[in-house]
Undergrad: 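Please read through the structure below; I'll follow up with questions.
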Amino acid sequence: MAVGTRSLGVSLAAAVLCLSAGACGGSSGDGGDIVVGMIEDTAGGTAATSAEATRGIELALSEVNDGGGIDGKKLKLVRYSDGGEPSQSPALVRKLVNAKARIILMNSGSASAAQVKPIVQQEHVAAISPTNILGAIAQPPNNGYSYILANPVTDVGTVYGAAFAKAGYKRVAVLTDDSPTMAGLNDALLPTLEKAGVELVAKEKAPLNATDVTTQVSRLSKSRPDAVLVSSLGGQLEVLFQNALKQALPDKPRFSLASIGNQPETWALAKPGTLDGLVYASAISSQNTRSNELITKLKARYGDKFKALTAFSAQGYDSVHLIAKVIEDAGAGADSKAINEALQKVTKFEASFGGTGFTMSFSAGKHMGSDGLCGIVLRTFDAQNRPGDNWATYQPSCG
């Protein structure tokens, strides 16, 4: 993808950014800082997602380090961008291992996290994906050191299957992009919907750099769907989708995955009122007190730059506090293998996202953190193209 190639020279030229109170001073093997590695996307199709997660990651790092760190040692974040190119991720993970990273955050696309599974397995270093929802990341083979926090995309399919049934929508058309991440997600999502009894009457795809999707929407409208589901990375392309759908099918119910609701910078790109009524698979509930507490913290840190709490920021925030907990449990001097073992003992970790009571747990056989479907909150956009109320028709329970 041309969209991601701009960052590759930076990624592979040993450009490293470090975040800690001690900046980049000292080596990871001299008894100083505890190195946490991160693969992010600063220029590819998941750049907006990655940036939102980074807000929460930076806040949590500050909290841990300002609170004295772990046994007096601070967390040092060493980060590389893969530019949204999954083929670049394995080499960058090996560079993080060489930098003595004891655990890694996979803050890029799902395809990148899936690509590094054999590497982290071989190197015995846990890789946590804060925002990725591809279940295959946490499933065999080579999943001994790979984890996701959020509900997998199959859970999204289960929730939407139940939601469509409740609303009486039997025929659903799908709009998607051509990214590797969405290809993997759709391979899991769409069969789950079909198993729930949803008839997928059209599947249209557009390239990430598309500037006009009129043709795709025109073909889709001919299938006469009861509702339309947009399954994309979000960003400008999803805005194109939504603008076109609003014009061609103004009265047709529209649904989306998490991306559009977690990218505040893209909301202003939509025409006035375009997103009104759009339902998306959020993970933020105004009834979750931990979410509300995080809003206050993000406002204090980012001021006017903070637009709204997104699930991606909350998941990035939780991932660092989860890492701090498992390193503390394993011991500040523990190696990456011992940290992985400690991660597999985490139970009922209280999340800053999801519905009230949502928690995460891990074990040797459970590498997907969610403890229930209420990690997913179906939410609507309002007339100002901003996230509004929960969707009144259906919400999953925690049971």
Undergrad: Does NZ or CZ of Arg379 come closer than 6.0 Å to the centre of the six-membered ring of Tyr280, within 45° of the ring's axis?
TA: no

Undergrad: Just one of Tyr160, Phe164, Phe255 clears the ring pair (Phe, Tyr, Trp, His ring centres under 6.0 Å) bar with Trp391, so which one?
TA: Phe255

Undergrad: Is the shortest heavy-atom distance from the side chain of Leu245 to the side chain of Leu175 under 4.5 Å?
TA: yes

Undergrad: Is the closest side-chain donor-acceptor distance between Tyr317 and Glu58 under 3.5 Å?
TA: no

Undergrad: Taking atom CD as the centre, does Glu194 end up with more than 12 heavy-atom neighbours from other residues, nucleotides or ligands that are less than 6.0 angstrom away?
TA: yes

Undergrad: Mind checking the CZ-CG spacing from Arg386 to Asp276? Nearest 0.5 Å is all I need.
TA: 14.0 Å

Undergrad: Would you check if the side chain of Asn107 reaches a backbone N or O of Glu40 as a donor-acceptor pair within less than 3.5 Å?
TA: no

Undergrad: Ignoring hydrogens, what is the shortest heavy-atom contact between Phe381 and Gly261? Give both atom names and the distance.
TA: CZ-CA, 3.9 Å

Undergrad: Just checking Lys252: does its NZ atom have more than 12 heavy atoms from other residues, nucleotides or ligands closer to it than 6.0 angstrom?
TA: yes

Undergrad: Do Asp41 side-chain atoms and Gly84 backbone N/O form a donor-acceptor pair below 3.5 Å?
TA: yes

Undergrad: Please evaluate residues Leu343 and Tyr147 with respect to the criterion side chain to side chain contact (heavy atoms under 4.5 Å, CB included), reporting the C-alpha separation (whole Å), side-chain torsions for both, the decisive distance (0.1 Å), and the verdict.
TA: CA-CA 10 Å; Leu343 178 56; Tyr147 303 83; 3.4 Å; yes

Undergrad: Under a 4.0 Å N-O cut-off, is there an ion pair linking Glu199 with Lys170?
TA: no

Undergrad: Please say yes or no: joined through hydrophobic side-chain contacts below 4.5 Å, possibly via intermediate residues, are Leu278 and Val217 part of one cluster?
TA: no

Undergrad: Whether Arg290 and Glu293 form a salt bridge (side-chain N of Lys/Arg under 4.0 Å from carboxylate O of Asp/Glu) is what I want to check.
TA: no

Undergrad: Between Thr181 (side chain) and Gly109 (backbone), is there a donor-acceptor pair under 3.5 Å?
TA: no

Undergrad: Between Ser89 and Asp82, what is the shortest heavy-atom contact and its length?
TA: OG-OD2, 2.7 Å

Undergrad: Can you establish whether the number of heavy atoms outside Gln236 located under 6.0 Å from its atom CD is more than 12?
TA: no

Undergrad: Is Ile295 reachable from Ile57 through a run of I, L, V, M, F, W or Y residues, each pair having side-chain heavy atoms under 4.5 Å apart?
TA: yes

Undergrad: Do any N or O atoms from the side chain of Asn186 and from the backbone of Ala188 form a donor-acceptor pair under 3.5 angstrom?
TA: no

Undergrad: Heavy atoms only: give me the nearest Gln242-Arg254 pair and the separation to one decimal.
TA: OE1-NH1, 2.8 Å

Undergrad: Taking Arg55 for its side chain and Phe312 for its backbone only, find out whether a donor-acceptor pair lies under 3.5 Å.
TA: no

Undergrad: Output the distance between atom SG (Cys374) and atom CG (Asn151), rounded to the nearest 0.5 Å.
TA: 8.0 Å

Undergrad: Do you know which two heavy atoms are closest between Leu134 and Ala114, and how far apart they sit?
TA: CD2-CB, 4.4 Å

Undergrad: Less than 3.5 Å apart, any donor N or O on the side chain of Thr380 or Asp389 sitting next to an acceptor on the other?
TA: no

Undergrad: Indicate yes or no: at least one non-hydrogen side-chain atom of Ser231 is less than 4.5 angstrom from one of Ser256.
TA: no

Undergrad: Could you tell me whether Arg94 and Glu123 make a salt bridge, using a distance below 4.0 angstrom between a side-chain N and a carboxylate O?
TA: yes

Undergrad: Strictly distance-based, threshold 3.5 Å: is any side-chain N or O of Thr46 a donor or acceptor partner for the main-chain N or O of Thr49?
TA: no

Undergrad: Determine whether Leu257 and Leu189 make a side-chain contact, defined as any pair of heavy atoms from C-beta on separated by less than 4.5 Å.
TA: yes

Undergrad: Whether the side chain of Thr266 engages the backbone of Gly235 through a donor-acceptor N/O pair (distance < 3.5 Å, no angle test) should be reported.
TA: no

Undergrad: Under the criterion side chain to side chain contact (heavy atoms under 4.5 Å, CB included), I'd like the reasoning laid out for Asp335 against Arg102: C-alpha separation, chi angles, the key distance, then a yes or no.
TA: CA-CA 6 Å; Asp335 62 15; Arg102 288 193 249 170; 5.6 Å; no

Undergrad: Using a 3.5 Å distance criterion without hydrogens, assess whether the side chain of Thr356 forms a donor-acceptor pair with backbone atoms of Gln287.
TA: yes

Undergrad: Looking at Arg224, I'd like to know if its CZ atom is crowded, meaning that more than 12 non-hydrogen atoms belonging to other residues, nucleotides or ligands lie closer than 6.0 Å.
TA: no

Undergrad: Quick one: pull up CD1 in Ile119 and CG in Asn142 and give me the separation to the nearest 0.5 Å.
TA: 9.0 Å

Undergrad: Could you check Val153, Asn132, Thr131, Ile148 and say which one makes a side chain to side chain contact (heavy atoms under 4.5 Å, CB included) with Ser110?
TA: Asn132

Undergrad: Quick one: CG on Asp318 to CD on Gln315, what's the gap to the nearest 0.5 Å?
TA: 8.0 Å

Undergrad: Would you say the side chain of Ile104 lies within less than 4.5 Å of the side chain of Val116, judging by non-hydrogen atoms?
TA: no

Undergrad: Side chain to side chain contact (heavy atoms under 4.5 Å, CB included), that's the test. Do Phe362 and Thr347 meet it? Break it down for me.
TA: CA-CA 6 Å; Phe362 301 91; Thr347 59; over 6 Å; no

Undergrad: Side-chain heavy atoms nearer than 4.5 Å, only ILVMFWY residues, links allowed to pass through others: does that put Ile284 and Met360 together?
TA: yes

Undergrad: Can you check whether Leu233 reaches Leu208 side chain to side chain, under 4.5 Å on heavy atoms?
TA: yes

Undergrad: State, with a plain yes or no, whether a side-chain heavy atom of Asp177 is found less than 4.5 Å away from one of Lys205.
TA: no

Undergrad: Are any non-hydrogen side-chain atoms of Asn390 and Leu378 less than 4.5 angstrom apart?
TA: no

Undergrad: Measuring from Lys325:NZ to Lys345:NZ, what's the distance to the nearest 0.5 Å?
TA: 11.0 Å

Undergrad: Assess the pair Tyr145 and His124: is the distance between their ring centroids shorter than 6.0 Å?
TA: yes

Undergrad: Is Met182 reachable from Leu193 through a run of I, L, V, M, F, W or Y residues, each pair having side-chain heavy atoms under 4.5 Å apart?
TA: yes

Undergrad: If I take atom OG from residue Ser112 and atom CD from residue Glu85, how far apart are they, to the nearest 0.5 angstrom?
TA: 8.5 Å

Undergrad: Check Pro130 against Leu105 and note the closest heavy-atom contact, atom names and distance.
TA: CG-CD2, 4.0 Å

Undergrad: Does Asp371 come within less than 4.0 Å of Lys366, counting only side-chain N to carboxylate O?
TA: yes

Undergrad: Should Lys297 and Glu63 be marked as a salt bridge (charged side-chain N to carboxylate O under 4.0 Å, His left out) after you check the CA-CA gap, both sets of side-chain angles, and the distance that decides it?
TA: CA-CA 10 Å; Lys297 294 176 180 179; Glu63 290 182 347; 3.6 Å; yes

Undergrad: Show the nearest heavy-atom pair for residues Thr158 and Thr192, with the distance to one decimal.
TA: N-CG2, 3.6 Å

Undergrad: Compare all side-chain heavy atoms of Met38 with those of Thr54 and state whether any distance is below 4.5 angstrom.
TA: yes

Undergrad: Side chains of Thr310 and Ser313: do they bring a donor and an acceptor to under 3.5 Å?
TA: yes

Undergrad: Short question: side chain of Ser361, backbone of Lys348 - any donor-acceptor pair under 3.5 Å?
TA: yes

Undergrad: Can Glu238 and Ser259 be counted as having a side-chain donor-acceptor contact under 3.5 angstrom?
TA: no

Undergrad: Do Val320 and Phe349 sit in the same hydrophobic cluster, where Ile, Leu, Val, Met, Phe, Trp and Tyr count as joined when their side-chain heavy atoms come under 4.5 Å apart?
TA: yes

Undergrad: Can you check whether Val36's main-chain N or O pairs, donor with acceptor, with Arg79's side chain at less than 3.5 Å?
TA: no

Undergrad: Side chain to side chain contact (heavy atoms under 4.5 Å, CB included) for Leu75 and Ile70? Distances and angles first, verdict last.
TA: CA-CA 8 Å; Leu75 298 181; Ile70 301 170; 3.9 Å; yes

